[in-house]
2 protein chains.
Amino acid sequence: MSDPLSQLFAALADPTRRDLVARLTDGDATVGQLAAPYRVSVQAISKHVKVLEQAGLVSRGAQGHRSSVHLEAEVFDLMTKWIERYRQRAEARYKRLDAVLAEMNDEEAGHRPAREETA
Amino acid sequence: MSDPLSQLFAALADPTRRDLVARLTDGDATVGQLAAPYRVSVQAISKHVKVLEQAGLVSRGAQGHRSSVHLEAEVFDLMTKWIERYRQRAEARYKRLDAVLAEMNDEEAGHRPAREETA
DNA sequence: CCAGTTCTCAACCGCTTGGTTGATAACGTA
DNA sequence: TACGTTATCAACCAAGCGGTTGAGAACTGG
């Protein structure tokens with residue numbers, strides 16, 4: 001079993017599974033109901049649901065059998081936090097770069113030692 | 001080749017590739033620099049970079065050879081938009097459910113026809 | 001109890017993946 | 001020019017994935 005974040009991203013890397021998640025935002029559903037719109041077998045959808053479950057994206061009613069599949073939207077946060085963290089780091093770097101460029105413009109004759117990355 | 005969203009999620013489903021992305025938020029780097037911290041071969045990292053590139057997460061300097069790998073943080077938005085969309089739909093559903101429950105409490109004797117989902 | 005429905009498990013298949021090694025292309029430099 | 005460095009390409013391998021079919025478990029209802 002791999003780390004939670006990898007499982008999450010991997011789970012959503014399949015269009016059918018993303019579609020299932022989308023569908024579950026309309027409300028809980030049984031595996032049969034979930035499988036109905038697709039041409040693939042119920043077993044295939046059952047497997048997909050299992051993947052979503054192991055990723056924590058989905059839970060099931062009390063008795064596993066004939067029970068509803070429920071979306072656990074909170075785990076989305078795990079991903080958004082990861083993404084936002086690095087998006088912000090990337091943006092911060094651009095800002096830093098801008099600042100350095102501005103500085104270079106300001107003191108072209110200053111011949112200060114060039115700063116290395118962040119140091 | 002699969003759809004862009006699938007490629008994005010799949011690209012980030014690997015811990016090594018997420019690590020590469022994280023590293024690139026510190027600034028551009030050559031394949032060799034990226035590969036240095038890992039025990040795997042340079043070829044393996046080169047493959048990872050290729051996957052990131054095809055997902056649009058990364059671009060390369062002019063000459064493919066010996067040039068820098070650059071993070072394209074904007075494509076993160078594709079994912080966050082997808083996630084946010086369905087997180088909000090899920091939340092909206094909870095709110096709707098709350099409203100229905102409150103309504104049932106208010107008019108226990110009202111015997112209004114139950115609303116079906118959103119209709 | 002028996003029958004039908006719903007779902008999962010198991011085995012299998014073709015394709016993709018992450019890794020390897022080896023060869024080779026492209027560049028910088030003594 | 002010849003050499004070393006850097007990166008990619010190619011072939012291969014084991015493992016995993018998405019799909020199938022077939023069997024069976026678990027619950028529902030006559």
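Chain A is the first sequence line, chain B the second, and so forth, proteins listed ahead of strands; every chain is numbered from 1.
The CD atom of B/Q54 sits 12 Å away from the P atom of D/dT8 (whole-angstrom rounding). The interatomic distance linking B/Y38 (OH) with C/dT20 (C1') rounds to 19 Å, in whole Å. In this structure, A/F9 places its CZ atom 15 Å from P of C/dG18, rounding to the nearest Å. Between A/R39 atom CZ and D/dT21 atom P there is a gap of 13 Å when expressed in whole angstrom units. In this structure, CG of A/D14 is placed 18 Å from P of C/dC15, rounded to the nearest angstrom. Between A/L34 atom CG and C/dT8 atom P there is a gap of 10 Å when expressed in whole angstrom units. With rounding to whole Å, B/E53 atom CD is found 8 Å from D/dT8 atom P. Between A/Q33 atom CD and C/dC7 atom P there is a gap of 8 Å when expressed in whole angstrom units.
For A/S41 and D/dT20, the shortest distance from a side-chain N or O to OP1 or OP2 is below 4.0 Å. The phosphate of C/dT8 (OP1 or OP2) has a side-chain N or O of A/R60 nearer than 4.0 angstrom. Look at B/R17 and you'll find a side-chain N or O under 4.0 angstrom from OP1 or OP2 of C/dG18. Of the side-chain N and O atoms in B/H48, none sit less than 4.0 angstrom from OP1 or OP2 of C/dT17. Between B/S46 and D/dT8, a side-chain N or O to OP1/OP2 separation shorter than 4.0 Å is present.
Cluster membership check: B/Y38 shares its hydrophobic cluster with B/L24, using side-chain heavy-atom separations under 4.5 Å among Ile, Leu, Val, Met, Phe, Trp and Tyr.
Backbone-only contact: A/K50 has heavy atoms under 4.0 Å from sugar-phosphate atoms and none from a base.
Taken from CG in A/L34 to OG1 in A/T16, the straight-line distance is 12.0 Å, to the nearest 0.5 Å. Within the model, atoms OG1 of A/T30 and CZ of A/R60 stand 10.5 Å from one another, a figure rounded to the nearest 0.5 Å. A/Y86 contributes atom OH, which lies 11.0 Å from atom CG of B/L12 (distance to the nearest 0.5 angstrom).
For A/K47, counting side-chain heavy atoms from C-beta on, the closest listed nucleotide (D/dG18, C/dT20, C/dC7) is D/dG18.
A/K81 has no carboxylate O lying under 4.0 Å from a charged side-chain N of A/E84, or vice versa, which leaves the two without a salt bridge.
For A/Q43 and D/dG22, a side-chain-to-base donor-acceptor distance below 3.5 Å is present, hydrogens and geometry of angles not being considered.
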